[in-house]
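Computed over heavy atoms, backbone and side chain alike; hydrogens, waters and symmetry mates excluded. Quantities reported herein were computed from a predicted structural model and do not represent experimental measurements.
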Amino acid sequence: MAKATKREHWSGQTGFLLAAIGSAVGLGNIWRFPGVAYENGGGAFLIPYLVALLTAGIPILFLDYALGHRYQGSAPTVFRRLFKGGEALGWFQVAISFVIMCYYGVILAWAMSFTVFSVTEAWGEDPTAFFTGTYLELAPEPGLSLDIVGHLLLPLLLAWLVVLVVMVLGVQSGVERANKWFLPLLVILFAILVVRALFLDGAMEGLNALFTPDFSQLTNTDVWLAAYSQIFFSLSIAFGIMITYSSYLKRKSDLTTTGLVAGFANSSFEILAGIGVFATLGFMAAQSGVGVNELEGLTGPILSFVTFPQIISMMPGGPIFGVLFFGSLVLAGFTSMISISQVVVAALQEKFAIGRAAASALVVGVCGTISILLFATTTGLYTLDTVDKYINEIGIITSAIVMTLAVAWGVRKLPTLRTHLNRVSAFQIGVWWHWLIAVIVPVMLIVMLGSTGYSLLVDGYEGYPTWYLNLMGWGVVGFAIVFAVVFALIPGRRGRAEEDAAFDPDDLTEDDELEEVQ
């Protein structure tokens with residue numbers, strides 16, 4: 001009698017490492033880190049940033065790796081095998097990825113369009129009016145519109161088609177191969193962009209604005225919270241990605257060394273992005289006859305799709321610079337989008353025993369439809385902005401708090417997971433890891449969640465109407481919770497309980513090269 005087909009694997013450590021770095025290096029590295037650093041002490045921000053990386057980012061990355069590799073499954077499978085009732089936590093992480101996946105495709109479509117627009121500088125004299133008016137056809141007020149912006153459909157459908165093809169091809173032939181092409185190309189394009197930016201007039205003034213330290217900011221708790229927040233969101237941790245990715249590693253794999261390389265590679269790219277962005281902003285300030293501190297639109301979509309087009313129009317060889325910049329956004333977006341998609345596809349495959357092609361088509365079909373109906377409309381920018389704020393700063397932080405507390409204090413599995421990490425890794429971790437995961441990380445995350453939650457409840461967000469924030473903000477978080485409970489309660493494929501009972505997480509002796517056993 002045939003045994004179930006073996007779980008997919010990466011071809012090796014390098015394939016996994018490139019995929020992990022590709023997932024972490026995303027749009028937030030380019031359009032979020034430089035502005036956050038600038039607003040929170042400049043060069044002095046690197047101190048809390050490094051502390052946050054070492055005390056929260058890498059420790060949680062180790063936790064995700066240990067869970068996925070030891071319990072060999074998607075997030076719902078891992079937490080179901082970890083403790084009774086844990087499957088709902090896994091599905092909550094899947095729901096977060098599902099929501100992010102729906103709007104990420106639209107940002108990719110924007111970046112793809114602006115790569116083409118750069119050739120002719122199609123935004124003209126007023127990039128703001130072009131982006132919000134001509135391109136997005138943005139409604140004057142937040143709401144729910146069914147008026148789809150027609151010219152967004154082609155790049156959006158193309159983005160989803162690429163994601164579908166990669167997902168159908170599988171872990172090695174799809175996800176790994178895509179990252180082997182996209183990530184090196186991203187680094188090359190962005191490195192060329194940074195070198196060009198450094199030779200612009202005013203570049204040094206921009207870098208001085210970014211890196212001149214304001215050490216007085218180190219006593220400001222908001223600066224430390226900003227550092228932990230940036231590390232947390234940039235590493236793709238605590239919402240299923242690294243759990244899923246690490247589950248495809250062969251049983252004898254070096255987890256901690258890979259985690260260190262991925263963590264520091266991500267931070268290195270963020271600093272590189274800061275250099276490129278602020279050298280360019282320094283040029284803009286010099287051309288405008290103002291200081292860098294007088295510029296607006298230094299973070300988020302406005303930085304990418306309004307400020308940078310304005311800069312591109314000012315500089316010699318602007319179209320080439322524009323293609324490099326927006327091409328980098330496309331590549332960074334795709335590597336992250338692929339990793340988010342894999343979380344959802346893998347969970348459905350394991351829950352319902354359906355093939356990769358069917359699961360991929362279902363996920364891309366549903367997410368693609370939602371992305372068109374909610375985010376490719378005349379109110380899409382408002383919806384994207386709101387959903388992104390709440391699902392990241394409420395949803396992901398809640399997921400991380402529950403995960404760390406459940407593992408550390410609920411089932412007390414940290415010693416077991418540390419033993420597992422040390423059995424397979426060259427870099428050995430000590431009991432300090434327990435204290436970080438059990439105490440430091442939850443405390444910091446609870447403070448972050450309390451601060452953000454209180455602000456959103458009392459002050460709202462961006463002046464949007466309360467009904468809109470309740471629907472598209474808190475409502476999306478509520479949807480993720482309901483999604484998690486419902487999918488945890490739905491009966492899965494037959495034989496799953498027997499498979500879990502027979503699963504031995506301590507078995508590291510399997511022959512990874514053995515094909516399906518008859």
Side-chain angles (χ1 to χ4, degrees), residues 24-58 60 107 190 194 197 206-238 263-282 284-285 292-308 325 328-329 332-333 336 385 388-394 396-397 400 444-445 447-449 451-452 455-456 461-462:
V25 173
L27 299 173
N29 297 67
I30 298 173
W31 75 27
R32 191 174 190 273
F33 171 79
V36 170
Y38 174 69
E39 294 169 357
N40 290 277
F45 179 76
L46 296 179
I47 296 174
Y49 177 82
L50 181 60
V51 171
L53 175 66
L54 296 176
T55 61
I58 288 177
I60 298 182
I107 304 176
F190 207 79
V194 170
L207 295 183
N208 286 335
L210 175 62
F211 290 114
T212 298
D214 179 4
F215 291 111
S216 66
Q217 291 290 329
L218 296 181
T219 59
N220 186 344
T221 56
D222 288 340
V223 170
W224 288 85
L225 288 177
Y228 276 87
S229 176
Q230 177 61 31
I231 284 293
F232 198 81
F233 296 133
S234 71
L235 274 179
S236 297
I237 50 180
F264 282 104
N266 174 71
S267 293
S268 298
F269 188 88
E270 289 199 315
I271 294 173
L272 181 68
I275 293 171
V277 168
F278 267 82
T280 310
L281 290 173
M284 180 181 183
V292 175
N293 62 330
E294 297 177 68
L295 298 178
E296 297 180 353
L298 303 186
T299 58
I302 298 302
L303 169 69
S304 297
F305 300 105
V306 174
T307 305
F308 259 84
F325 177 74
S328 296
L329 284 185
S336 296
D385 185 34
D388 178 68
K389 175 74 173 181
Y390 282 75
I391 203 65
N392 275 282
E393 299 192 22
I394 300 297
I396 294 180
I397 297 298
M444 290 301 301
L445 293 177
V447 172
M448 286 169 57
L449 181 63
S451 175
T452 302
S455 175
L456 291 174
Y461 178 62
E462 294 293 336

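- Under a cut-off of 6.0 angstrom, the local environment of CD in E296 is sparse, with at most 12 non-hydrogen atoms contributed by other residues, nucleotides or ligands.
- For the atom pair CG of L27 and OG of S304, the computed distance is 7.5 Å after rounding to the nearest 0.5 Å.
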Next item on the list: Carefully, step by step, assess K389 and L456 under the rule side-chain contact (heavy atoms from CB on, under 4.5 Å).
Entry: CA-CA 10 Å; K389 175 74 173 181; L456 291 174; 4.1 Å; yes
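- Residues I60 and F232 have side chains in contact (heavy-atom distance under 4.5 Å, counting atoms from C-beta outward).
- A donor and an acceptor atom, one from each side chain of Y461 and D385, are located under 3.5 Å apart.
- With contacts defined as side-chain heavy-atom distances shorter than 4.5 Å, the pair I231/F33 does not qualify.
- Contact annotation: the side chain of Q230 approaches that of E270 to within less than 4.5 Å [non-hydrogen atoms, C-beta and beyond].
- Two residues are said to be in side-chain contact when any heavy atoms from C-beta on lie closer than 4.5 Å; T307 and L281 meet this criterion.
- Shown here for F45 and V223, the closest heavy-atom pair between the two residues is CE1-O, 3.9 Å.
- Looking only at atom types and distance, the side chain of Y38 has no donor-acceptor partner in the side chain of T299 under 3.5 Å away.
- Legend: residues meeting side chain to side chain contact (heavy atoms under 4.5 Å, CB included) with I47, ordered by chain and number and at least two apart, are F215, L218.
- Considering all non-hydrogen atoms of both residues, F278 and G35 come closest at CE1-N, 4.2 Å.
- F325 is not listed as a side-chain neighbour of T280, based on a closest heavy-atom distance of 4.5 Å or more.
- The minimum heavy-atom distance linking I58 with L235 is given by the pair N-CD1, 4.3 Å.
- In this structure, CG in L46 is found 8.5 Å from CG in L50, a value given to the nearest 0.5 Å.
- Among all heavy-atom pairs drawn from I396 and I237, the shortest one is CG2-O, 4.1 Å.
- Using cut-offs of 30° and 60° for the angle between ring planes, the F305 and W31 rings count as perpendicular.
- Remark: S336 OG to I107 CD1 distance equals 10.5 Å, nearest 0.5 Å.
- Taking all atoms of both residues into account, the shortest heavy-atom contact from A197 to G276 is CB-O, 3.8 Å.
- Side chains of Y228 and V51 form a contact here, defined as non-hydrogen atoms less than 4.5 Å apart.
- T219 contributes a side-chain N or O that, together with a main-chain N or O of S216, makes up a donor-acceptor pair within less than 3.5 Å.
- With values rounded to the nearest 0.5 angstrom, D222 atom CG is found 12.0 Å from E39 atom CD.
- Here CD1 of I271 is found 6.5 Å from OG of S267. Values are rounded to the nearest 0.5 Å.
- Annotation: the span from T452 atom OG1 to L449 atom CG amounts to 7.0 Å, rounded to 0.5 Å.
- Remark: the backbone N or O of L225 is not paired with any side-chain donor or acceptor of S229 at under 3.5 angstrom.
- Minimum heavy-atom separation, L210 to A37: CD1-CB, 4.0 Å.
- Of the possible polar contacts, none joining the S455 side chain to the S451 backbone as a donor-acceptor pair under 3.5 Å is found.
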